[in-house]
Asks: 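Mind looking over this structure? Questions follow.
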Amino acid sequence: MASNPAPTAEAAPIPRHVAIIMDGNGRWAKARRLPRLAGHKQGVEAVRRVSRAAREQGIEVLTLYAFSSENWRRPEEEVRDLMGLLRHFLRNELKDLVAENVRLRVIGDYRALSGDLVAMIDDAIERTASNSGAILVIALNYGAQAEIVAAARRLAAAAQAGEVAPEAIDETMFSDALTTHGLPPLDLLIRTSGEQRLSNFLLWQAAYAELLFVDTLWPDFDGEALADAIAQFGRRQRRFGGL
Ligand code: FPP
């Protein structure tokens with residue numbers, strides 16, 4: 001029987017890039033007989049708390065699934081509430097992001113949001129563009145399949161224009177055509193609230209990510225829960241297809 005490798009003094013690896021599917025706001029509210037909005041508000045508090053904790057714990061990139069391209073199917077009032085919370089978040093958080101040297105990136109078709117939000121997002125991206133610390137990526141109106149299709153279209157157009165040979169298109173070129181271009185590979189993907197699905201999030205990027213499904217509802221997730229997730233990541237053996 002193979003024995004476990006002897007423990008070493010070496011520190012467990014810290015994931016460079018962590019993504020979170022923030023699920024369970026509605027159930028958190030329901031358990032307290034509160035409106036769903038109350039759960040989303042606590043969800044925003046968790047975003048503040050966890051993004052700060054991620055920086056303190058040495059994570060370079062944190063990608064958060066805030067609004068999927070399928071979330072438009074929710075009741076109009078809930079969509080409006082979520083957009084309102086996003087507005088509030090951008091207004092309140094921007095100065096801290098600037099002060100803490102955090103760069104904001106947005107993935108997804110955020111230009112389909114209302115004009116004032118698009119302007120706020122563009123402003124926040126621009127004002128943090130030269131920050132060199134951690135990167136906070138917010139996925140807004142994001143769908144991974146649409147992202148992959150858009151990349152394929154872009155490369156097909158480049159091929160048709162004679163700018164790239166079809167046989168030169170490889171995984172690296174394809175990755176560079178995605179909205180996450182230039183970010184470190186995704187190491188750890190967490191989904192809260194006990195659901196075990198990817199829900200059209202970072203499908204390409206998750207190819208070799210460690211997946212972690214935790215029962216905690218997103219509004220209850222905190223720095224300690226993140227530290228625990230990182231510790232679990234540290235105990236996983238990543239083989240990337242090798243032995
Ligand atoms: C899932 O909970 C959560 C969402 C669809 C939205 C996530 C959004 C936030 C945490 C707030 C906005 C984010 C930012 C960055 C300002 P759910 O409603 O699906 O919960 P349920 O499955 O329990 O109903």
Side-chain angles (χ1 to χ4, degrees), residues 18-55 59 61-98 100 102-110 112-114 116-125 128 134-144 179 189-202 213-223 225-226:
V18 175
I20 309 182
I21 301 176
M22 309 179 286
D23 198 5
N25 296 348
R27 275 161 287 167
W28 184 94
K30 195 173 176 193
R32 290 162 180 75
R33 297 174 192 276
L34 293 170
R36 291 178 62 80
L37 175 59
H40 291 315
K41 279 187 178 164
Q42 285 306 310
V44 176
E45 286 311 308
V47 167
R48 285 190 226 279
R49 193 165 67 223
V50 174
S51 54
R52 209 149 278 139
R55 299 199 277 279
I59 291 166
V61 183
L62 179 68
T63 301
L64 300 175
Y65 205 4
F67 195 84
S68 78
S69 44
E70 287 77 31
N71 284 152
W72 295 109
R73 295 185 197 139
R74 294 189 175 211
E76 216 180 298
E77 189 189 343
E78 181 163 344
V79 171
R80 210 178 316 121
D81 284 345
L82 284 168
M83 295 301 153
L85 288 175
L86 178 64
R87 218 171 255 120
H88 199 72
F89 174 84
L90 288 168
R91 209 173 282 136
N92 289 313
E93 217 55 10
L94 183 57
K95 60 177 183 321
D96 286 359
L97 294 179
V98 171
E100 292 178 31
V102 178
R103 181 169 172 195
L104 180 75
R105 261 173 85 158
V106 172
I107 58 171
D109 186 14
Y110 72 92
L113 306 185
S114 71
D116 72 308
L117 257 174
V118 175
M120 284 175 85
I121 293 166
D122 282 338
D123 178 55
I125 292 172
T128 61
I135 301 176
L136 176 64
V137 184
I138 301 187
L140 287 172
N141 193 19
Y142 174 87
T179 56
L189 174 60
I190 303 169
R191 183 173 189 144
T192 59
S193 91
E195 308 286 346
Q196 303 195 356
R197 290 187 292 280
L198 294 185
S199 297
N200 203 15
F201 190 44
L202 301 177
F213 301 102
V214 298
D215 288 334
T216 314
L217 301 175
W218 175 247
D220 292 327
F221 203 83
D222 57 12
L226 183 69

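Order of listing sets the numbers, starting from 1, for every ligand and every atom in it.
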Asks: Can you tell me if Thr128 uses its side chain to pair, donor with acceptor, with the backbone of Val98 under 3.5 Å?
Replies: no

Asks: For Arg87, enumerate each residue passing the salt bridge (charged side-chain N to carboxylate O under 4.0 Å, His left out) test, keeping only those at least two apart in sequence or located in another chain.
Replies: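 If we apply the salt bridge (charged side-chain N to carboxylate O under 4.0 Å, His left out) test to Arg87, skipping adjacent residues, the hits are Asp116.
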
Asks: Could you list each nitrogen or oxygen of ligand 1 that sits under 3.5 Å from a protein nitrogen or oxygen, with the atom names and the distance?
Replies:
from     : atom 1 : to    : atom 2 : distance (Å)
ligand 1 : 2 (O)  : Gly24 : N      : 3.4
ligand 1 : 2 (O)  : Asn25 : N      : 3.3
ligand 1 : 18 (O) : Arg36 : NH2    : 2.7
ligand 1 : 18 (O) : Arg74 : NH1    : 2.9
ligand 1 : 19 (O) : Asp23 : OD1    : 3.3
ligand 1 : 19 (O) : Arg74 : NH2    : 2.8
ligand 1 : 20 (O) : Gly24 : N      : 3.4
ligand 1 : 20 (O) : Asn25 : N      : 3.2
ligand 1 : 20 (O) : Gly26 : N      : 3.0
ligand 1 : 22 (O) : Asp23 : OD1    : 3.1
ligand 1 : 22 (O) : Arg27 : NH2    : 2.9
ligand 1 : 23 (O) : Gly26 : N      : 3.3
ligand 1 : 23 (O) : Arg27 : N      : 2.7
ligand 1 : 23 (O) : Arg27 : NE     : 2.7
ligand 1 : 23 (O) : Arg27 : NH2    : 3.4
ligand 1 : 24 (O) : Arg36 : NH1    : 3.1
ligand 1 : 24 (O) : Arg36 : NH2    : 3.3

Asks: Using the rule given for salt bridge (charged side-chain N to carboxylate O under 4.0 Å, His left out), can you reason through Asp222 versus Arg49, listing the C-alpha separation, both sets of side-chain angles and the distance that settles it, and then say yes or no?
Replies: CA-CA 6 Å; Asp222 57 12; Arg49 193 165 67 223; 5.4 Å; no

Asks: Got Phe67 and Leu140 here, is their nearest side-chain heavy-atom distance under 4.5 Å?
Replies: yes

Asks: Going by salt bridge (charged side-chain N to carboxylate O under 4.0 Å, His left out), name the residues that satisfy it together with Glu195, two or more places apart in sequence or in a different chain.
Replies: Arg27, Arg197

Asks: State which residues pass ring pair (Phe, Tyr, Trp, His ring centres under 6.0 Å) with Phe201; sequence neighbours excluded, sorted by chain then number.
Replies: Tyr65, Tyr142

